[in-house]
Every structure is written in structure tokens, then in C-alpha cells.
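Because the structure is a prediction, the values reported are computed rather than measured.
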Amino acid sequence: ASVLASFASGMVGSYVVTRRIVFISGSIAHSVLGFMGMFLFLERVYAFSWATPLLGAILGAIFSAVLIGWLSLRFSERSDALIASVWSTGMAVGVIFLSFTPGYNTEMLNFLFGNLLWTTTEDLLLLLLLDSALFLFISAFYSRFLLICFDENQAKLKGVNIDFWYIFLLVLISLSIVLLIQMMGIVLVITLLSLPAMIASLFTKRLHRLMALSSLVAFLCSIGGITMAHFCNLPIGASIAVIAAISYLISAWVQKPALQN
């Protein structure tokens with residue numbers, strides 16, 4: 001699970017940091033709670049075995065990505081307020097469904113705060129499928145994403161539909177968020193989506209190198225966090241977030257002389 005999540009973090013996190021859409025990514029991550037709460041309610045109350053919280057996370061993330069992308073393009077002047085509204089509304093709907101769901105919701109607590117030890121074989125197979133989809137799409141449309149991240153004017157001159165590819169990029173980000181929720185939980189998911197890419201950006205400006213280095217950094221932070229959690233009896237997701245934050249501070253301090261020169 002760490003390997004799969006780190007791979008997604010490196011690929012998609014590079015776009016998030018480069019395009020400066022960390023806030024949008026955070027909104028997508030938190031708004032999925034609405035669908036997850038709904039699917040857990042259907043699973044517990046109506047015995048719909050297919051309505052798992054993970055499936056709800058996938059559908060909710062894609063829906064939120066399309067909605068937030070459309071709002072940010074259609075209402076650019078007020079996009080921050082509208083995106084924040086989607087964020088809060090998604091979480092509110094999730095809390096309402098959870099209040100109607102019988103039993104102690106340990107499952108949702110694991111999704112909120114992350115629990116790698118709770119990952120099943122079926123979850124790993126689904127995560128592998130999502131990772132493969134991310135890799136195929138990013139490889140196939142690498143040049144399009146490169147243009148909309150670095151040179152929108154050039155993209156327009158080439159006849160690239162910027163709005164479509166921007167929303168499509170948000171959909172890919174939403175898939176990676178589902179991968180990272182399994183490890184970090186909804187609350188801390190943005191940590192692994194942004195900090196490894198920020199660390200990598202201190203050492204390289206090439207996008208393909210940024211992706212590779214971000215994936216490596218994310219994996220090392222994950223291993224460090226898991227080790228810290230094991231020996232100190234701490235939550236895994238929070239430990240990974242702390243390791244990633246410390247790594248960024250050290251990297252920024254090490255690179256500060258080079259950046260000044």
C-alpha cells in the first residue's frame with residue numbers, strides 16, 4: 001500500500017504543486033466524506049454489500065473533481081468561496097449519514113485518519129488498478145498536461161481544449177487522493193500529495209524527474225513514518241505527515257545557500 005500510494009503521490013503531486021492547486025486538491029479530499037458516509041449507510045442499513053466506503057470514495061472524488069473544476073472555470077472570481085463550500089458541504093453530508101448509521105463506525109475513523117494495517121487484499125488490488133490507470137493516462141497525455149501546467153497560451157495556440165484537460169487532470173488527482181486516503185486518511189491526505197513534490201522541486205525543475213524524485217521521497221517518508229509509528233506506538237498517518245514536514249524543512253534549509261547563489 002505504501003509503494004502504490006507513493007507512486008501516485010509522486011506522479012500527481014507534481015502537477016498539484018506545479019499548477020498550484022493544493023487548495024482544490026484538499027477540497028476534493030475532504031468532500032468525499034459525503035459519498036463515503038452515504039455508501040457506509042447503504043451497506044449497514046440496507047445490506048448492499050457492493051456499497052463499500054472505498055467505492056464511495058472513488059465516485060465521490062470523481063464527482064467532486066468535476067464539480068470543483070467546473071466551478072473554478074465558470075466562476076473564477078469567486079472560485080475560492082465556492083470550492084470551500086463544496087468542501088464543507090461534502091463533509092456535512094457525510095456526518096449526517098454517519099449519524100443515521102448504526103454501530104460504532106471504526107471503518108470511517110480509519111478512513112478519516114488512515115490505517116495501513118486495515119488494508120485488505122481486495123483493497124490492494126483496487127489500489128493497483130487505480131495506480132495503473134494513473135500511469136497510463138499520465139504517460140499518454142504527458143505533453144497536454146505539461147502545456148496546461150506551464151504554458152496555457154501555447155496550449156491555446158495549438159488548439160488544446162484547456163478546460164477539458166484541466167478537469168481531466170483534477171479527475172486523475174481525485175483517483176490519487178483515493179489511493180492516499182487508504183494510507184493517510186481524509187484529514188492528512190494533502191500532506192503526502194504536496195510535501196514530497198515540494199521537496200523534490202527544490203532539487204529539480206524537470207517535470208519527469210520531479211515525478212520520479214517525488215515518488216521516492218514519498219516512499220521514504222512513508223517508511224520513516226511507519227517505522228516511527230511502530231517503535232513509538234503512534235498513528236501511522238500522523239507519523240508519516242510529521243516525517244514529511246521535517247524532511248521538507250531540512251531540505252529547504254540545505255538548499256537555501258544554493259537558491260541564494
*asked:* Please check this pair: side chain of T18 against backbone of Y15, looking for a donor-acceptor N/O pair closer than 3.5 Å.
replied: no
*Between OG of S25 and CG of L180, what distance do you get to the nearest 0.5 Å?*
10.5 Å
_As an exercise, state the distance from CG of L147 to OH of Y142, rounded to the nearest 0.5 Å._
10.5 Å
*Can you check whether L192 reaches P196 side chain to side chain, under 4.5 Å on heavy atoms?*
yes
*Between F203 and R209, is any pair of side-chain heavy atoms under 4.5 Å apart?*
no
_I'd like to know if the side chain of R19 and the backbone of L169 have a donor-acceptor N/O pair within less than 3.5 Å._
no
*Heavy-atom pair of closest approach, residues W70 and I167*: N-CD1, 4.1 Å
*asked:* With rounding to the nearest 0.5 angstrom, report the CG to OG distance, L71 to S85.
replied: 9.0 Å
*asked:* Test your reading of the model: is there a side-chain donor-acceptor pair from S72 to the backbone of G69, 3.5 Å cut-off?
replied: yes
*List the steps and the verdict of side chain to side chain contact (heavy atoms under 4.5 Å, CB included) for E43 and F48.*
CA-CA 5 Å; E43 183 185 40; F48 291 162; 5.6 Å; no
_Check this for me: F135, atom CZ, are more than 12 non-hydrogen atoms of other residues, nucleotides or ligands nearer than 6.0 Å?_
no
*What is the minimum heavy-atom distance between A57 and V32, and which atoms define it?*
O-CG1, 4.0 Å
*Is it possible for you to say whether L136 and V12 belong to one hydrophobic cluster, with membership spreading through side-chain heavy-atom contacts below 4.5 Å?*
no
*Are the side chains of F39 and L59 in touch, meaning some heavy atoms are under 4.5 Å apart?*
yes
*Hphob cluster co-occupancy, L157 + F145, side-chain heavy atoms under 4.5 angstrom*: no
*Do you reckon V3 sits in the same ILVMFWY cluster as L193, going by side-chain contacts under 4.5 Å, direct or chained?*
no
*Is the side chain of T204 donor-acceptor paired with the backbone N or O of S201 at a distance under 3.5 Å, no angle test?*
no
Enumerate donor-acceptor pairs with a distance under 3.5 Å from any side-chain N or O in residues 227-236 to protein atoms, sequence neighbours excluded.
from, atom 1, to, atom 2, distance (Å)
T227, OG1, I223, O, 2.8

*Output, in order, the C-alpha distance, side-chain angles, deciding distance and verdict of side chain to side chain contact (heavy atoms under 4.5 Å, CB included) for L128 and L4.*
CA-CA 7 Å; L128 179 61; L4 295 174; 3.8 Å; yes
*Give the minimum heavy-atom separation between I243 and G224, together with the two atoms involved.*
CG1-C, 4.0 Å
*Which atom pair, heavy atoms only, marks the closest approach of A61 to V178?*
CB-CG2, 3.9 Å
*Do the ring centers of F168 and F137 come within less than 6.0 Å of each other?*
yes
*Starting at CG of L67, measure out to CG of L82 and round the result to the nearest 0.5 Å.*
9.0 Å
_Can a donor-acceptor pair be found, under 3.5 Å and without considering hydrogens, that links the side chain of R44 to the backbone of T101?_
no
*Go through I173 and I177 one step at a time and tell me if the side chain to side chain contact (heavy atoms under 4.5 Å, CB included) criterion holds.*
CA-CA 6 Å; I173 291 171; I177 286 172; 4.0 Å; yes
*Rounded to the nearest 0.5 Å, how far does CD1 of I28 lie from CD1 of I68?*
5.0 Å
*Is W50 reachable from F63 through a run of I, L, V, M, F, W or Y residues, each pair having side-chain heavy atoms under 4.5 Å apart?*
yes
*Do you know which two heavy atoms are closest between I181 and V189, and how far apart they sit?*
N-CG2, 4.0 Å
*Indicate, with yes or no, if L134 and F219 share a hydrophobic cluster defined by side-chain heavy-atom contacts under 4.5 Å among Ile, Leu, Val, Met, Phe, Trp and Tyr.*
no
*Got V93 and F97 here, is their nearest side-chain heavy-atom distance under 4.5 Å?*
yes
*Would you say S247 and V217 make side-chain contact, with heavy atoms under 4.5 Å?*
no
*Passes side chain to side chain contact (heavy atoms under 4.5 Å, CB included), I58 versus L126? Steps please.*
CA-CA 10 Å; I58 295 172; L126 182 56; 3.7 Å; yes
*asked:* Are the side chains of S31 and T89 in contact, using a 4.5 Å heavy-atom criterion?
replied: no
*asked:* Looking at every heavy atom in both S194 and V17, which two are closest together, and how far apart are they?
replied: O-CG2, 3.6 Å
*asked:* In the structure I gave you, are the side-chain heavy atoms of F35 and L55 within less than 4.5 Å of one another anywhere?
replied: no
*May I ask you to check whether over 12 heavy atoms, not counting those of F100, lie within 6.0 Å of atom CZ?*
no
*Please tell me if the side chains of L112 and L33 come closer than 4.5 Å, counting only heavy atoms from C-beta onward.*
yes
_Candidates L54, I186, L98 - the one meeting side chain to side chain contact (heavy atoms under 4.5 Å, CB included) with M36_ = I186
*Could you tell me the separation between the CE atom of M11 and the OG atom of S176, rounded to the nearest 0.5 Å?*
8.5 Å
